[in-house]
Amino acid sequence: MSDAKEKSSALSVEEQGIDTIAESDRHGSPKDLFWPWFAANISVLAMSYGAWALGFGISFWQATLAAILGIVVSFLLVGIVSIAGKRANAPTMVITRATFGVEGAKVPSVLSWIATLGWEISLTTTAVLALASTFQRLGWGTGAAPKIISTIIVVGLVVVAGIFGYDLIMKAQQAITVISGVVTIGFLVLGWSHIDFAAVGASQSGSVPSVLGAFLFVMTGFGLGWVNVAADYSRYLPRKSSNAGIVFWSTFGASLAPVLLVIYGGLLAVSNQKLSEAVGNDPIGAMASILPTWYLVPFTLVAVLGLMSGAIMDNYSNGLALLSFGIKLPRVAAAGLTAALTVLGVVYVTFFSDTFIGPFQGFLITLGVPMAVWTGLFIADVLLRNKDYNTEDLYTADGRYGAWNVKSLVILVVGTLIGWGLVVNTSASWLEWQGYFLGLFGGKEGAWASANLGVIVALVIGFVGALLFQRGDIAAQEAQE
């Protein structure tokens, strides 16, 4: 595709909905996946995970190990799911019809819609708070005014990108990657003097369950939050694209920045207890507090761009998930509806919620359990298949995938119920009913309570359940001409 054609395509509204990408519209190569995944995850918010991981009562080195493993392993799952996009040239929640049936797939589609909407609200809220904090430090307003103006700016830009669609998003992510990378390096240099290496070495080690809890929290906060949309950005690739290339460029692009940023955030947090505590309410504003005033504008730019990059991808995929559920709307209208709900969520978290991290952690853990079961099912489906998906049958209940796959739905329900029984949400009072199986491991106050075992158990149940009960279904599907 020529540069002129690419520019024209990027500036036109995408008409493609959830239908299969035509052969003539498939383009690019696996290395193109580096840009959207790097841009969406270079967010300065990643540094906050360094402080949050330390909140599990572990040392800096334990937090670093847990964070690196959580990031890479979770984004490896994103890379595997991305293979399905190339093999079906359809969005993730359409492809999952092969596992759940055309009608049954509406269940994970609803979960995906809620999850991506929650992530969009979380990222957009953080961007709004970052922009508002900078306005206040620069003396450009106080009270509610900076937050209102920031909401209008951030949500407006997210909506514009969501309306234009895939090509504009892919082009914008390249620009965001370059800008964010340069400014982030500046932040790392300016913040280096605030690191107390004596405090780093003196940090006390925590228990194995606490390290596991940090690992699962990071895993849920990074890759597991993207798995359900991964195929949306590989669906335009030609069918001949390398599977290994898709997995590598997705995993590498998504993991590179978070690994560096989480380590750096941990160094800052362990050096400054006040900073570590402030991260819970306003992650980006807390990090910006250590910067000289003259660097606030470029820092805010990179912070907002990184967060918006993720919010834009969530807005786009959220619309696709809504359409895959069967809602009869143009893709643009679906993106607009998502944006309207995002505004409501941002207003609530920004003006009425006492803390940011409480609702955020509660959301991640609660939705993370059923999405972990779905991830295990989907990963097993991708690995078990020897052929590409039949794209026509993904859109008809009379095809080889059928209307309902009861076995998959049972695995999803069982995995979710068991998973919820092994997690605890002390930071969100409305989720205190969870953890009903933790009595087997010392109770909700025991050493294993913070480990969030339910997430990894749910993932394993989905994966093993598919291997045991779906293998025959997949073989039968592929045997049909």
Side-chain angles (χ1 to χ4, degrees), residues 9 14-30 32-33 78-109 112-113 165-167 170 227-243 245-247 250 316-317 319-331 334 374-375 377-405 408 466 470-481:
S9 177
E14 180 188 5
E15 306 248 346
Q16 192 80 35
I18 62 169
D19 44 316
T20 305
I21 306 300
E23 192 70 39
S24 59
D25 291 330
R26 298 170 190 168
H27 58 275
S29 64
D32 294 331
L33 295 173
V78 170
I80 295 173
V81 171
S82 296
I83 294 174
K86 182 264 299 192
R87 296 174 71 178
N89 296 108
T92 316
M93 287 300 125
V94 171
I95 302 172
T96 201
R97 294 172 179 176
T99 302
F100 287 87
V102 174
E103 295 297 327
K106 291 181 179 180
V107 175
S109 292
S112 179
W113 182 76
Y166 179 86
D167 286 320
M170 295 296 280
V227 172
N228 58 309
V229 305
D232 299 355
Y233 301 95
S234 58
R235 64 185 179 130
Y236 277 89
L237 291 177
R239 292 286 181 100
K240 64 181 180 180
S241 300
S242 164
N243 289 342
I246 290 172
V247 173
S250 298
Y316 178 76
S317 292
L320 295 178
L322 190 63
L323 296 177
S324 68
F325 179 69
I327 302 297
K328 303 298 182 182
L329 287 174
R331 187 196 61 79
W374 172 86
T375 299
L377 283 160
F378 199 98
I379 293 293
D381 187 273
V382 172
L383 296 178
L384 287 172
R385 288 187 186 276
N386 298 311
K387 300 178 181 179
D388 290 340
Y389 297 89
N390 184 285
T391 53
E392 292 183 2
D393 285 354
L394 287 173
Y395 297 89
T396 173
D398 296 327
R400 69 188 67 194
Y401 305 122
W404 298 87
N405 189 315
S408 292
Q470 296 288 74
R471 187 185 299 271
D473 291 345
I474 292 172
Q477 293 168 3
E478 294 191 328
Q480 297 184 42
E481 293 297 332

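By convention here, the first residue in the shown sequence is residue 1.
Heavy-atom minimum distance, I246 versus S82: CG2-CB, 3.5 Å. Taking each heavy atom of M93 and N228 in turn, the nearest pair found is CE-O, 3.7 Å.
Residue pairs that meet the salt bridge (charged side-chain N to carboxylate O under 4.0 Å, His left out) test with at least one member in residues 98-107, sequence neighbours left out, are E103-K106. For residues 83-98, the set of pairs meeting the salt bridge (charged side-chain N to carboxylate O under 4.0 Å, His left out) definition, not counting sequence neighbours, comprises R87-D388.
Legend: residues meeting side chain to side chain contact (heavy atoms under 4.5 Å, CB included) with S242, ordered by chain and number and at least two apart, are A244. Evaluation of the side chain to side chain contact (heavy atoms under 4.5 Å, CB included) rule for S317 yields V229, D232, Y233 as partners, not counting sequence neighbours. Under the side-chain hydrogen bond (donor to acceptor under 3.5 Å, both in side chains) criterion, N89 pairs with R26, R239, sequence neighbours left out. By the side chain to side chain contact (heavy atoms under 4.5 Å, CB included) test, A88 is found to be paired with A90, I95, Y389, L394, residues two or more places apart in sequence or in another chain being considered.
For the pair Q477/K387, no side-chain contact is recorded, criterion being any heavy-atom separation below 4.5 Å from C-beta on. Using a 4.5 Å cut-off on side-chain heavy atoms (C-beta onward), V94 and Y395 make contact. Using a 4.5 Å heavy-atom threshold, the side chains of V247 and I83 count as touching.
With hydrogens and angles left out, the side-chain atoms of Q470 and S408 include a donor and acceptor closer than 3.5 Å.
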Using the side chain to side chain contact (heavy atoms under 4.5 Å, CB included) rule, take D32 and Y236 through it: C-alpha gap first, then chi angles, then the decisive distance, then the call. CA-CA 11 Å; D32 294 331; Y236 277 89; over 6 Å; no

Where do N405 and T99 land on the side chain to side chain contact (heavy atoms under 4.5 Å, CB included) test, with the steps shown first? CA-CA 7 Å; N405 189 315; T99 302; 5.8 Å; no

Steps toward side chain to side chain contact (heavy atoms under 4.5 Å, CB included) verdict (W374, V107): CA-CA 10 Å; W374 172 86; V107 175; over 6 Å; no

